[in-house]
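Input: a single structure, listed below in structure tokens.
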Amino acid sequence: MNNSDEKSRSLNFIETIIEEDLKNGKNDGRIQTRFPPEPNGYLHIGHAKSICLNFGLAMKYGGKCNLRFDDTNPVTEDVEYVDSIKEDIRWLGFDWEDREYYASDYFHKLYKFAINLIKDGKAYVDDQLVEAISEQRGTLTQHGIESPCRKRSVEENLDLFERMKNGEFAEGSHVLRAKIDMASPNMHMRDPVIYRIKHARHHRTEDQWCIYPMYDFAHGQCDYFEGITHSICTLEFEVHRPLYDWLVDELKDGEYRPRQIEFARLNLSYTIMSKRKLLQLVKNGHVHGWDDPRMPTICGLRRGGYTPESIRYFADKVGVAKRDNVIDVALLEFSIREDLNRRASRVMAVTRPLKVIITNYPDDNVEWLETINNPEDESMGTRTIPFSRELYIEQDDFMENPPKQFFRLSPGNEVRLKSAYIIKCEEIIKDKKGIIKALHCTYDPETRSGKPLSNRKVKSTIHWVSAKHSVPAEIRLYDRLFNKEYPDVVGEEQDFISNLNPDSLQILYGFVEPSLKEANPLDKFQFQRIGYFCVDPDSTSKKLVFNRTVPLKDTWAKIQAKT
RNA sequence: UGUCCCGUGGUGUAAUUGGUAACACGUCUGACUCUGGAUCAGAAAAGUUUAGGUUCGAGCCCUAACGGGACAACCA
């Protein structure tokens, strides 16, 4: 988006490491990264940061970035997720070319490595109960004690492990453990479990295996198999690094070794990012699906009108460091505004219609007026919009008793209708209950936009739509899902669900200009005061559906509060 | 009573081999008015968690304390 400040930007700490490695000729100057999602959920804005980082680094330093599905746990994973993940990464604008890998591709290699470890006396089968193993592991402050199985002979271990693989044992009855150090201050080094039995069907290897490697026994090795140079992950894996290195050292043959680097994951204010909780929202029907525009998922943001460019820009602005952070969602909103301000077509819409009748305008006359699509970019061209005697304007654009700073329409006052005429409010039409039904106005024929006398100044310009020609539209205003009063949604499901904002979806029925009837679902539009919209790509109804993508800030309420 | 990581304006990220805190978002003013919560102009806001130390000089180095986070799934 902004290439000029890209160049002047200082290096983040990972780039510093990479440049140092490059300078020292490490890995023959090769840069290889990877994005390794587990296919157990949809990608969200936090993953987008990681995707942009990994692919971005590879691009910047002339390297490659692999896509690798970390599919070592068949019970939580599904092809539905791998498909959505691929779609989302592509949509974000990144390409893994032919480098689409799966941890399950390496199950044989990992199995062989495990056997070598057993042969070296560095792994053993433990057939104790989970509880016993857990108890022997010790606590954070107390070292563990060695398992009685630790002394098993190589032959017996080999036999047992083979039988584990052959499905002779029940789930939970046996595990393979690395023999490291039960006294280590690092819990992950206390003879970690590296293989467990799961009689479950894997979405790729199906029933070929009933033993599956643990994350720790797969990740570093896969990195090694793929020639990853910089294995970038989030902070919570920091304590795993000694184990990562231990295993890779057992595996490696030669100088090359992938290096794990940790960075702080993205947190967004007022936003829930936990996959587990997001899944709850979907399952409990609080949202319409993973791609509900209120969700922080990539597909949700996409439906909400975010562009890939805006998300990449955001990921860049957010920075990379090791300290825990909470990014203000305002920065995300800024990113989409920046992008759409430049690229979106401006279009007129009325969400809460108020009828305006131009009393001195001929009854059956229609004028097609030319208007510019984007005042910031003339190359986006013009379109014509119909003007007639009866119009709709926004209820908010009229006040019967306006306070001082209200410059829009009020009795006896003039405003410009964008791209049309200056009108003056002459009379308010009310029903028996005193509710305003319509306004009678007069227009000044000399002030038509583009005409010589059109440059008469009035204090304000408002949007409008011709009543007869406009298209009824369903307008959805999506708010973020959580109340600002409860930003810390950290408790149990109950707390978290009770913090949901029940008004997070408002549906209004308004009118839009006729040009939108043929709108392409991929087009983005911008409306006065409301924000940014796109036509809902999934809308099956004939109605046009707009998703608001930035929050409605009520400046007018602010002005009122002050006076 | 453990190990590891991290403490810079409200938020996030910077600060050449130690040289006297910068940028962005946000906030607040004001201007503009074919409108787009755009644009323009301006302002407030940290002396870098604290205390020592090294140094002519420390946000950067050292020590300690304090604060925050991670780690005890057969999850990733």
Side-chain angles (χ1 to χ4, degrees), chain A residues 5 8-12 36-38 40 70-73 75-77 103 126 129-130 133-135 137-144 171-177 184-190 192-198 211-212 214-216 218-219 233-242 262 264 266 269 275-276 317-335 337 340-341 344 346 348 371-372 374-376 407-408 415-422 447 449-450 454-455 457-463 526-531 550 552-556:
Chain A
D5 54 38
S8 59
R9 205 194 70 200
S10 51
L11 300 181
N12 66 45
E38 185 191 11
N40 69 346
D70 223 332
D71 56 349
T72 57
N73 185 358
V75 307
T76 54
E77 298 154 6
D126 200 322
L129 296 172
V130 204
I133 293 178
S134 165
E135 195 162 319
R137 188 151 31 225
T139 66
L140 295 174
T141 53
Q142 224 167 29
H143 62 69
E171 257 178 49
S173 64
H174 294 69
V175 289
L176 184 70
R177 293 227 259 167
S184 170
N186 183 334
M187 298 291 281
H188 295 277
M189 298 299 270
R190 320 238 261 231
V193 171
I194 56 178
Y195 262 100
R196 77 301 210 181
I197 299 170
K198 276 186 191 290
I211 53 170
Y212 291 92
M214 299 288 290
Y215 164 85
D216 285 310
H219 206 98
C233 63
T234 46
L235 242 33
E236 66 268 27
F237 292 104
E238 211 155 27
V239 282
H240 293 242
R241 193 171 357 117
E262 309 86 10
L266 171 74
S269 58
K275 264 191 195 174
R276 202 180 97 253
K317 287 300 164 208
V318 140
V320 182
K322 294 191 78 165
R323 39 205 290 218
D324 294 326
N325 60 76
V326 181
I327 310 292
D328 198 327
V329 284
L331 185 63
L332 217 210
E333 286 156 5
F334 168 77
S335 305
R337 256 186 285 134
L340 256 26
N341 253 338
R346 312 298 149 94
M348 293 202 279
T371 185
I372 194 158
N374 187 333
E376 294 179 36
F407 299 127
R408 286 171 266 164
V415 288
R416 172 171 289 283
L417 296 175
K418 171 155 171 67
S419 299
Y421 298 95
I422 292 176
T447 57
S449 296
S454 70
N455 53 3
K457 298 292 178 205
V458 283
K459 246 329 196 182
S460 176
T461 301
I462 63 171
H463 276 207
Q526 192 177 58
F527 292 74
Q528 182 186 35
R529 286 199 303 282
I530 303 293
V550 293
L552 177 64
K553 278 196 209 166
D554 199 351
T555 5
W556 178 238

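These numbers come from the heavy atoms of this one structure, side chains and all, not from hydrogens, waters or symmetry mates. Residue numbers start from 1 in every chain, and the chains themselves are labelled A, B, ... in the order their sequence lines are given, proteins ahead of strands.
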Interatomic distance at [atom1], [N] relative to [M], whole Å:
{"N": "G67(B)", "M": "U50(B)", "atom1": "P", "answer": "15 Å"}
{"N": "C60(B)", "M": "G26(B)", "atom1": "P", "answer": "31 Å"}
{"N": "U63(B)", "M": "G68(B)", "atom1": "P", "answer": "23 Å"}
{"N": "C56(B)", "M": "C71(B)", "atom1": "C1'", "answer": "45 Å"}
{"N": "A58(B)", "M": "C23(B)", "atom1": "P", "answer": "24 Å"}
{"N": "C62(B)", "M": "U16(B)", "atom1": "C1'", "answer": "23 Å"}
{"N": "A72(B)", "M": "U3(B)", "atom1": "C1'", "answer": "12 Å"}
{"N": "U39(B)", "M": "A24(B)", "atom1": "P", "answer": "13 Å"}

Could you state the atom-to-atom distance from [atom1] of [X] to [atom2] of [N] in whole Å?
{"X": "Arg276(A)", "N": "C75(B)", "atom1": "CZ", "atom2": "P", "result": "16 Å"}
{"X": "Ile194(A)", "N": "A76(B)", "atom1": "CD1", "atom2": "P", "result": "13 Å"}
{"X": "Asn40(A)", "N": "A76(B)", "atom1": "CG", "atom2": "C1'", "result": "7 Å"}
{"X": "Met348(A)", "N": "G36(B)", "atom1": "CE", "atom2": "P", "result": "8 Å"}
{"X": "Asn341(A)", "N": "C40(B)", "atom1": "CG", "atom2": "C1'", "result": "15 Å"}
{"X": "Leu235(A)", "N": "G69(B)", "atom1": "CG", "atom2": "P", "result": "13 Å"}
{"X": "Ile327(A)", "N": "U11(B)", "atom1": "CD1", "atom2": "P", "result": "11 Å"}
{"X": "Asp328(A)", "N": "U13(B)", "atom1": "CG", "atom2": "C1'", "result": "14 Å"}

Under 4.0 Å: is that the gap between some side-chain N or O of [X] and OP1 or OP2 of [N]?
{"X": "Arg337(A)", "N": "G26(B)", "value": "yes"}
{"X": "His240(A)", "N": "A70(B)", "value": "no"}
{"X": "Ser454(A)", "N": "C34(B)", "value": "no"}

Query raised in the report: For RNA chain B, whose closest nucleotide is more 5', that of Pro36(A) or that of Asn455(A)?
Result: Asn455(A)

Query raised in the report: Which residue lies toward the 5' end of RNA chain B, Val318(A) or Arg241(A), if each is placed at its nearest nucleotide?
Result: Arg241(A)

Report task. Look at Glu171(A) together with Arg196(A) and state whether they make a salt bridge at an N to O cut-off of under 4.0 Å. Result -> no

With the side chain of [X] defined as its heavy atoms from C-beta on, choose the nearest nucleotide among [options].
{"X": "Ser10(A)", "options": "A14(B), U1(B), A70(B)", "value": "A14(B)"}
{"X": "Ser449(A)", "options": "C34(B), G12(B), A15(B)", "value": "C34(B)"}
{"X": "Ala321(A)", "options": "G26(B), A14(B), C34(B)", "value": "A14(B)"}
{"X": "Pro185(A)", "options": "G36(B), C25(B), G2(B)", "value": "G2(B)"}
{"X": "Lys322(A)", "options": "A14(B), C6(B), C34(B)", "value": "C6(B)"}
{"X": "Asn325(A)", "options": "C25(B), U13(B), C32(B)", "value": "U13(B)"}
{"X": "Phe334(A)", "options": "G36(B), C25(B), A76(B)", "value": "C25(B)"}
{"X": "Val239(A)", "options": "C71(B), C25(B), G2(B)", "value": "C71(B)"}
{"X": "Tyr215(A)", "options": "A15(B), C34(B), A76(B)", "value": "A76(B)"}

Between [X] and [Y], which heavy-atom pair has the shortest distance, and what is it?
{"X": "Arg416(A)", "Y": "Ser454(A)", "answer": "NH2-O, 2.7 Å"}
{"X": "Asp70(A)", "Y": "Ala103(A)", "answer": "OD1-CB, 4.0 Å"}
{"X": "Val175(A)", "Y": "Ile133(A)", "answer": "CG2-CD1, 4.0 Å"}
{"X": "Ile197(A)", "Y": "Ser173(A)", "answer": "CD1-OG, 4.1 Å"}

Tell which nucleotide pairs with [N], taking only Watson-Crick or G-U wobble pairs whose two distances are both under 3.5 angstrom.
{"N": "A22(B)", "answer": "U13(B)"}
{"N": "G7(B)", "answer": "C66(B)"}
{"N": "C74(B)", "answer": "none"}
{"N": "C32(B)", "answer": "none"}
{"N": "A58(B)", "answer": "none"}

[X] side chain to [Y] side chain, donor-acceptor N/O pair below 3.5 angstrom:
{"X": "Asp126(A)", "Y": "His174(A)", "result": "no"}
{"X": "Gln526(A)", "Y": "Asn341(A)", "result": "yes"}
{"X": "Glu38(A)", "Y": "Thr76(A)", "result": "yes"}
{"X": "Glu376(A)", "Y": "Asn374(A)", "result": "no"}

Report task. Check whether any side-chain N or O of Thr461(A) sits under 3.5 Å from a backbone N or O of Lys418(A) as a donor-acceptor pair, and report yes or no. Result -> no

Requested in this report: Please work out whether G52(B) sits syn or anti, treating a glycosidic angle within 90° of 0 as syn.
Outcome: anti

Query raised in the report: Is A31(B) syn or is it anti, if syn means the base angle is within 90 degrees of 0?
Result: anti

Report task. Looking at every strand, decide which applies to Val326(A) at a 4.0 Å heavy-atom threshold: base, sugar-phosphate, or nothing. Result -> sugar-phosphate

Report task. Indicate, with a heavy-atom threshold strictly under 4.0 Å, whether Thr76(A) touches base, sugar-phosphate, or nothing. Result -> nothing

Report task. Evaluate the side-chain contact (heavy atoms from CB on, under 4.5 Å) criterion for residues Glu238(A) and Lys322(A): first the C-alpha distance (whole Å), next the side-chain angles of each, then the deciding distance (0.1 Å), finally the verdict. Result -> CA-CA 11 Å; Glu238(A) 211 155 27; Lys322(A) 294 191 78 165; 2.8 Å; yes

Which atoms of nucleotides 72-74 of chain B (N or O only) lie under 3.5 Å from a protein N or O atom, and what are those distances?
residue : atom : partner   : partner atom : Å
C74(B)  : OP1  : Arg137(A) : NH2          : 3.4
C74(B)  : OP2  : Arg137(A) : NH2          : 3.3
C74(B)  : N3   : Gly172(A) : O            : 3.3
C74(B)  : N4   : Gln128(A) : O            : 3.4
C74(B)  : N4   : Gly172(A) : O            : 2.8

